[in-house]
Amino acid sequence: MPPKKRTKVSERLAKPGKDEDGAKETVGAKKKATGVTKDSSSSPSSPGYCRWLMKSEPESRFENGIDMKFGIEELKALPDQTSCWDGVRNYQARNFMRQMKEGQVAFFYHSNCKEPGIAGVMKIVKEAYVDHTQFDKKDVHFDASSKADNPKWSMVDVQYQRMTKRFLPLAELKKYHLQHRTKGGPLKDMALFTRARLSVQPLTSEEFDFVLSLEDEEPL
């Protein structure tokens with residue numbers, strides 16, 4: 001994260017928006033008393049995912065005087081086009097980040113905005129490590145229940161790779177999801193629709209490849 005003007009990459013479904021049929025992910029205690037989800041770190045192991053979708057807000061929304069805006073253009077403009085992905089306060093989303101490996105790729109998804117959808121591709125360049133914002137009392141993601149000797153929250157570093165050739169809106173992805181759910185296809189169980197609340201979501205290679213192929217197709 002760059003010094004001074006610390007534009008925050010974070011779990012940004014704090015407010016209901018035009019996204020995932022109104023579903024939102026629960027967030028940190030600073031935002032909502034019941035926001036931090038119950039720890040599920042001991043849940044059964046999930047498949048070894050190697051592709052991801054990560055959500056952030058591309059439009060300005062101020063919280064405690066801080067603009068939560070962070071779209072793909074902001075990532076692209078940073079030194080080395082790299083930033084930490086901090087502020088995740090959902091245990092399942094955190095656990096997915098802890099599964100991420102250096103070199104894996106993720107879709108940058110614009111959320112809680114006029115037209116949500118996939119804007120580009122980024123790469124995981126640093127695997128999960130302690131999210132410092134949980135200890136910062138001035139940070140909107142401060143978590144008083146997290147202790148330095150046993151931190152609850154993690155983050156990864158991501159690096160901009162490229163924009164998709166065209167923006168892939170949620171509405172279009174949902175049409176494919178509904179088609180595939182009825183007739184079969186790679187998006188029938190896509191987490192964007194089956195686990196819509198999560199700001200960090202796993203993708204199978206088939207799901208990722210199919211979605212990326214849509215950039216070369218005419219909008220549905």
Side-chain angles (χ1 to χ4, degrees), residues 9-27 46-47 49-61 68-77 81 83 85 88 90 92-93 96-97 99-100 104-124 156 158-220:
V9 185
S10 60
E11 181 179 289
R12 293 198 165 106
L13 292 185
K15 306 290 184 183
K18 299 176 182 178
D19 198 1
E20 295 76 59
D21 300 322
K24 62 175 183 174
E25 176 171 299
T26 49
V27 293
S46 54
Y49 296 107
C50 59
R51 301 288 185 269
W52 310 93
L53 181 148
M54 302 169 78
K55 301 177 183 178
S56 190
E57 295 182 16
E59 297 176 0
S60 287
R61 177 177 65 79
M68 305 301 287
K69 175 182 178 180
F70 193 91
I72 196 167
E73 292 287 357
E74 281 70 38
L75 177 61
K76 184 179 179 181
Q81 301 181 319
S83 179
W85 199 272
V88 172
N90 174 282
Q92 191 173 20
F96 284 137
M97 286 204 301
Q99 292 181 39
M100 293 177 179
Q104 292 180 347
V105 292
F107 285 128
F108 194 119
Y109 183 95
H110 282 174
S111 179
N112 195 21
C113 54
K114 293 177 182 177
E115 187 175 31
I118 292 170
V121 179
M122 54 190 179
K123 181 170 66 174
I124 310 304
V156 297
V158 298
Q159 184 179 56
Y160 170 87
Q161 296 297 291
R162 68 176 181 88
M163 302 287 193
T164 46
K165 294 176 185 176
R166 66 178 180 90
F167 185 78
L168 302 174
L170 172 66
E172 180 179 349
L173 296 173
K174 186 172 184 179
K175 290 178 183 178
Y176 281 107
H177 165 67
L178 293 174
Q179 283 184 3
H180 292 182
R181 194 172 63 177
T182 301
K183 301 178 181 179
L187 301 194
K188 61 185 177 66
D189 297 318
M190 188 179 184
L192 186 59
F193 306 102
T194 61
R195 294 188 243 189
R197 290 165 60 88
L198 292 176
S199 68
V200 178
Q201 301 178 355
L203 294 171
T204 65
S205 295
E206 291 77 13
E207 289 169 342
F208 185 90
D209 291 344
F210 179 86
V211 171
L212 193 61
S213 74
L214 296 179
E215 66 179 355
D216 293 315
E217 304 291 336
E218 291 295 320
L220 186 65

Closest non-hydrogen atom pair between [X] and [Y], with its separation:
| X | Y | value |
| --- | --- | --- |
| Val200 | Phe96 | O-CD1, 3.5 Å |
| Met100 | Met54 | CE-SD, 3.8 Å |
| Ser56 | Pro58 | O-CD, 3.5 Å |
| Val158 | Leu75 | O-CD1, 4.1 Å |
| Glu115 | Phe167 | O-CZ, 3.2 Å |
| Leu198 | Ala93 | CD2-N, 4.0 Å |

Side-chain contact, heavy-atom cut-off 4.5 Å: [X] with [Y]?
| X | Y | value |
| --- | --- | --- |
| Ile72 | His110 | yes |
| Leu214 | Thr164 | no |
| Leu212 | Phe107 | yes |
| Leu170 | Tyr109 | yes |
| Trp52 | Val105 | no |
| Arg166 | Glu172 | yes |
| Leu192 | Lys55 | yes |
| Asn90 | Arg197 | no |

TODO: Output all residues satisfying side-chain hydrogen bond (donor to acceptor under 3.5 Å, both in side chains) with Arg181, sequence neighbours left out; order by chain, then residue number.
DONE: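 Scan of Arg181 (side-chain hydrogen bond (donor to acceptor under 3.5 Å, both in side chains), adjacent residues dropped) gives none.
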Euclidean distance, [Y] [atom2] relative to [X] [atom1], rounded to 0.5 Å:
| X | Y | atom1 | atom2 | value |
| --- | --- | --- | --- | --- |
| Ser199 | Glu57 | OG | CD | 10.5 Å |
| Lys165 | Glu217 | NZ | CD | 10.5 Å |
| Glu207 | His177 | CD | NE2 | 10.5 Å |
| Glu206 | Arg51 | CD | CZ | 10.0 Å |

- [ ] If the plane angle is over 60° it's perpendicular, under 30° parallel, otherwise tilted; pick one for Trp85 and Phe70.
- [x]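 Geometry flag for Phe70 against Trp85: perpendicular rings.
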- [ ] Check whether any side-chain N or O of Gln201 sits under 3.5 Å from a backbone N or O of Arg195 as a donor-acceptor pair, and report yes or no.
- [x]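 Present.
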TODO: State whether the side chain of Glu74 and the backbone N or O of Gly71 hold a donor-acceptor pair below 3.5 Å, judged by distance alone.
DONE: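 Side chain of Glu74 to backbone of Gly71, a donor-acceptor pair under 3.5 Å: yes, one is there.
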TODO: Give the C-alpha distance, both sets of side-chain angles, the deciding distance and a yes or no for side-chain contact (heavy atoms from CB on, under 4.5 Å) between Ile118 and Leu173.
DONE: CA-CA 9 Å; Ile118 292 170; Leu173 296 173; 3.9 Å; yes
Open item on the list: I'd like to know whether Glu59 forms a side-chain contact (heavy atoms from CB on, under 4.5 Å) with Asn112, so could you lay out the CA-CA distance, the side-chain angles of the two residues, the decisive distance to 0.1 Å, and finally the verdict.
Closed with: CA-CA 8 Å; Glu59 297 176 0; Asn112 195 21; over 6 Å; no
Let me check something: any side-chain donor-acceptor pairs from residues 182-190 under 3.5 Å, sequence neighbours excluded? List them with distances.
unit_1: Thr182; atom_1: OG1; unit_2: Leu178; atom_2: O; d: 3.1

- [ ] List the steps, then state whether side-chain contact (heavy atoms from CB on, under 4.5 Å) holds for Val156 with Gln104.
- [x] CA-CA 12 Å; Val156 297; Gln104 292 180 347; over 6 Å; no
